[in-house]
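Okay, so here's the structure we're looking at.
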Amino acid sequence: MRALRSSAIFRRTCALWRRRCVRYAAVACLLFLPVRMDEDCPPGCVCAEESGTVTCRGGGDTEVPGDIPAWTSTLVVKGRNISTLQRDAFGTNGTELDMTTLWLSYNGIQAIEPYAFLGLTRLHLLDLSHNWLVVISARAFHGLPELRSLYLNYSVTPAAAAHLSSALNTQSLRNLHRIELAGNELKFIPLGRLDIYNLHALVLINNSIEGIGRENVTSLYQQTRIRVYLSLNPFRCSCELEAFYYWLKNSSQCPDSGRLLCSEPEARRGIPVEKLRREDVDCMNENLEAVSYVFLGIVLALIGVVFLMVLYLNRGGIKRWLNNIREACRDQMEVYHYRYEQDSDPRLANVAV
């Protein structure tokens with residue numbers, strides 16, 4: 001019996017130790033198994049391989065994160081001090097990434113060098129909003145054939161506006177569907193041609209656009225699929241706005257047309273552009289009015305010249321006429337003076353009686 005009891009105790013002890021060994025082995029596997037692959041995640045970033053997202057917020061880094069994992073589809077870099085996007089800034093050992101979304105807002109970016117996005121051939125969305133762009137290379141956006149959406153809200157300084165036109169005028173952006181350029185103090189549409197894109201939406205709200213030129217209006221008539229957002233711009237409602245006014249009245253391409261207000265002249269401030277009368281933007285009327293004032297001035301000037309010439313040619317007769325009037329007035333005054341003396345002297349009055 002004792003041998004049986006000892007054997008049973010031994011078996012239970014062995015089973016207990018086996019269970020404990022299995023538990024310790026499982027814990028060891030969990031500790032050393034690279035489930036999140038943290039060693040592949042850039043320093044200061046949070047990686048989520050399941051969703052393909054790498055998020056890098058804050059920090060004092062002056063460059064974009066290096067060694068971005070190959071599985072990254074969305075990269076979020078925000079709140080850093082990246083003054084310049086250098087050439088091939090997102091390159092990973094010369095290999096192309098499968099990244100489709102890139103958020104780079106609030107990073108203080110001031111310059112974009114040529115081919116800064118090299119290797120991101122599958123990128124669909126690029127957000128560069130809320131930066132301070134001063135220099136934009138003409139080849140800044142080269143190598144982005146699949147880009148669909150480009151956001152540059154509150155980022156482009158007046159110094160970079162001309163650079164932006166050159167940077168956007170590239171065949172690399174031929175598949176672009178949406179461009180947002182709100183809050184950049186732009187005075188014109190920075191797209192030289194609209195037919196090189198596949199644009200569906202162009203957002204230009206809250207800029208300094210006073211009017212849309214005839215060339216841009218012609219392009220908009222041709223690209224009927226484009227929707228242009230233009231509210232919160234200081235439109236100058238004068239003769240130069242004629243082509244844009246008729247496009248606004250006859251087209252449905254401006255969804256916020258009801259919020260387009262006149263800023264100048266003072267008499268039309270606050271009036272919706274589409275509520276203007278045709279004569280308010282009719283160049284012919286304004287030209288005729290200006291011509292009529294000029295003609296009136298010329299006529300009055302001619303009348304004045306003729307009058308002066310008549311006076312000059314008849315200066316002798318006018319002088320004699322004035323002398324005759326003066327003599328007649330003098331004779332009349334003498335008669336009045338004589339009568340006054342008679343009425344005032346009582347002796348002459350008695351003689352008269």
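We count residues from 1, following the sequence as given. For the numbers below, each heavy atom of this structure counts, side chains included, while hydrogens, waters and symmetry mates do not.
Here the closest heavy-atom approach between residue P272 and residue G258 is recorded as CB-O, 4.4 Å. Residue G143 comes nearest to S172 through the heavy atom pair N-OG, 3.5 Å, listed as atom of the first residue, atom of the second, then distance. Of all non-hydrogen atoms in L97 and P69, the two that sit nearest each other are CD2-O, 4.2 Å. When all heavy atoms of C45 and V54 are compared, the closest pair comes out as CB-CG1, 4.1 Å. Shown here for P43 and R80, the closest heavy-atom pair between the two residues is O-NH2, 4.0 Å. Considering every non-hydrogen atom in both V217 and A243, the closest pair reads CG1-O, 3.8 Å.
No donor-acceptor pair under 3.5 Å is formed between the side chain of D282 and the backbone N or O of D280. N107 contributes a side-chain N or O that, together with a main-chain N or O of S105, makes up a donor-acceptor pair within less than 3.5 Å. A donor-acceptor pair under 3.5 Å links the side-chain atoms of R268 to the main chain of C237, judged by distance alone. Using modelled atom types, one side-chain atom of N233 and one backbone atom of L204 make a donor-acceptor pair closer than 3.5 Å. The backbone N or O of N131 lies less than 3.5 Å from a partner atom in the side chain of S155, making a donor-acceptor pair. Using modelled atom types, no side-chain atom of D256 and backbone atom of Y229 make a donor-acceptor pair closer than 3.5 Å. Side chain of R269 to backbone of S263: a donor-acceptor contact under 3.5 angstrom is found. Under the 3.5 Å distance criterion, the side-chain polar atoms of N250 are matched with a main-chain donor or acceptor of Y246. In this structure, N184 contributes its side chain and V156 its backbone to a donor-acceptor pair below 3.5 Å. Judged by distance alone, the side chain of T53 and the main-chain N or O of E49 form no donor-acceptor pair under 3.5 Å.
With sequence neighbours left out, N324 forms a side chain to side chain contact (heavy atoms under 4.5 Å, CB included) with no residue at all. Under the side-chain hydrogen bond (donor to acceptor under 3.5 Å, both in side chains) criterion, S165 pairs with no residue, sequence neighbours left out.
In the displayed structure, E264 atom CD is contacted under 6.0 Å by more than 12 heavy atoms of other residues, nucleotides or ligands. Within 6.0 Å of OH in Y106 there are 12 or fewer heavy atoms belonging to other residues, nucleotides or ligands. Atom CZ of R236 sits in a sparse spot, with 12 or fewer heavy atoms from other residues, nucleotides or ligands closer than 6.0 Å. Remark: R259 CZ is loosely packed, at most 12 non-hydrogen atoms of other residues, nucleotides or ligands lying under 6.0 Å away. Within a 6.0 Å radius of CD in E215, no more than 12 heavy atoms belonging to other residues, nucleotides or ligands are found.
The distance from the CG atom of L230 to the CD1 atom of I209 is 6.0 Å, given to the nearest 0.5 Å. For the atom pair D61 CG and N81 CG, the distance stands at 9.5 Å (nearest 0.5 Å). Interatomic distance, L194 CG to L220 CG, rounded to the nearest 0.5 Å: 6.0 Å. Atom-to-atom distance recorded for D127:CG and N153:CG is 7.5 Å, nearest 0.5 angstrom. Put simply, CD on E180 and OH on Y151 are 5.0 Å apart, with the number rounded to the nearest 0.5 Å. One finds the CG atom of L125 at 8.5 Å from the CG atom of L102 (value rounded to the nearest 0.5 Å).
Connection of V64 to L150 is established within a shared hydrophobic cluster, with ILVMFWY side chains joined at heavy-atom distances below 4.5 Å, either directly or through further cluster members. A single hydrophobic cluster is seen to contain both I212 and L260, as judged by linkage of ILVMFWY side chains at heavy-atom distances under 4.5 Å, directly or through other members. With hydrophobic clusters built from ILVMFWY side chains whose heavy atoms lie under 4.5 angstrom apart, Y245 does not share a cluster with L261. Follow the hydrophobic side-chain contacts under 4.5 Å out from I271 and you reach L241 in the same cluster. Linking Ile, Leu, Val, Met, Phe, Trp and Tyr residues whenever their side-chain heavy atoms come within less than 4.5 Å leaves L133 and Y154 in two separate clusters.
Using bins of under 30°, 30° to 60° and over 60° for the plane-to-plane angle, the ring pair F90/F117 lands in the parallel bin. Ring geometry, W247 versus Y221: the interplanar angle exceeds 60°, so the pair is classed perpendicular (tilted spans 30 to 60°).
Side-chain contact between S73 and S51: absent, with no pair of heavy atoms (C-beta onward) separated by less than 4.5 Å. Counting heavy atoms from C-beta outward, I68 and L75 have side chains that approach closer than 4.5 Å. Residues L128 and I112 meet the side-chain proximity criterion, which asks for heavy atoms closer than 4.5 Å. Counting heavy atoms from C-beta on, the side chains of R227 and P255 come closer than 4.5 Å. You'll find the side chain of E242 reaches within 4.5 Å of the side chain of R214, heavy atoms only. With a 4.5 Å cut-off on side-chain heavy atoms, I179 and L191 count as touching. Annotation: side chain of L104 is in contact with side chain of L85 (closest heavy-atom distance under 4.5 Å). Looking only at side-chain heavy atoms (C-beta outward), L147 and L126 come within less than 4.5 Å of each other.
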Go through the steps for E185 and K187 under the test salt bridge (charged side-chain N to carboxylate O under 4.0 Å, His left out), then give the verdict. CA-CA 6 Å; E185 300 183 8; K187 296 182 180 296; over 6 Å; no
Taking it one step at a time, do R139 and Y115 satisfy side-chain contact (heavy atoms from CB on, under 4.5 Å)? CA-CA 6 Å; R139 298 181 179 273; Y115 305 102; 3.4 Å; yes
Apply side-chain contact (heavy atoms from CB on, under 4.5 Å) to the pair V273 and C262, showing each step before the final yes or no. CA-CA 6 Å; V273 176; C262 295; 4.2 Å; yes
Test side-chain contact (heavy atoms from CB on, under 4.5 Å) on S137 and E113 and set out the steps. CA-CA 5 Å; S137 170; E113 294 185 352; 5.6 Å; no
Between H124 and S149, does a side-chain hydrogen bond (donor to acceptor under 3.5 Å, both in side chains) hold up when you go through it step by step? CA-CA 6 Å; H124 288 175; S149 302; over 6 Å; no
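Checked by atom type, the side-chain pair T84/Q86 shows no donor-acceptor distance below 3.5 Å.
For the pairing with T101, the side-chain contact (heavy atoms from CB on, under 4.5 Å) check across T72, L123, V76, T74 returns one residue only, T74.
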Residues 195-202 side chain polar contacts: donor-acceptor under 3.5 Å, at least two apart:
| from | atom 1 | to | atom 2 | distance (Å) |
| --- | --- | --- | --- | --- |
| D195 | OD1 | R193 | NE | 3.1 |
| D195 | OD1 | R193 | NH2 | 3.4 |
| D195 | OD2 | R193 | NH2 | 3.0 |
| Y197 | OH | L168 | O | 2.4 |
| N198 | OD1 | R225 | NE | 3.4 |
| N198 | ND2 | H177 | NE2 | 3.1 |
| H200 | ND1 | N198 | O | 2.9 |

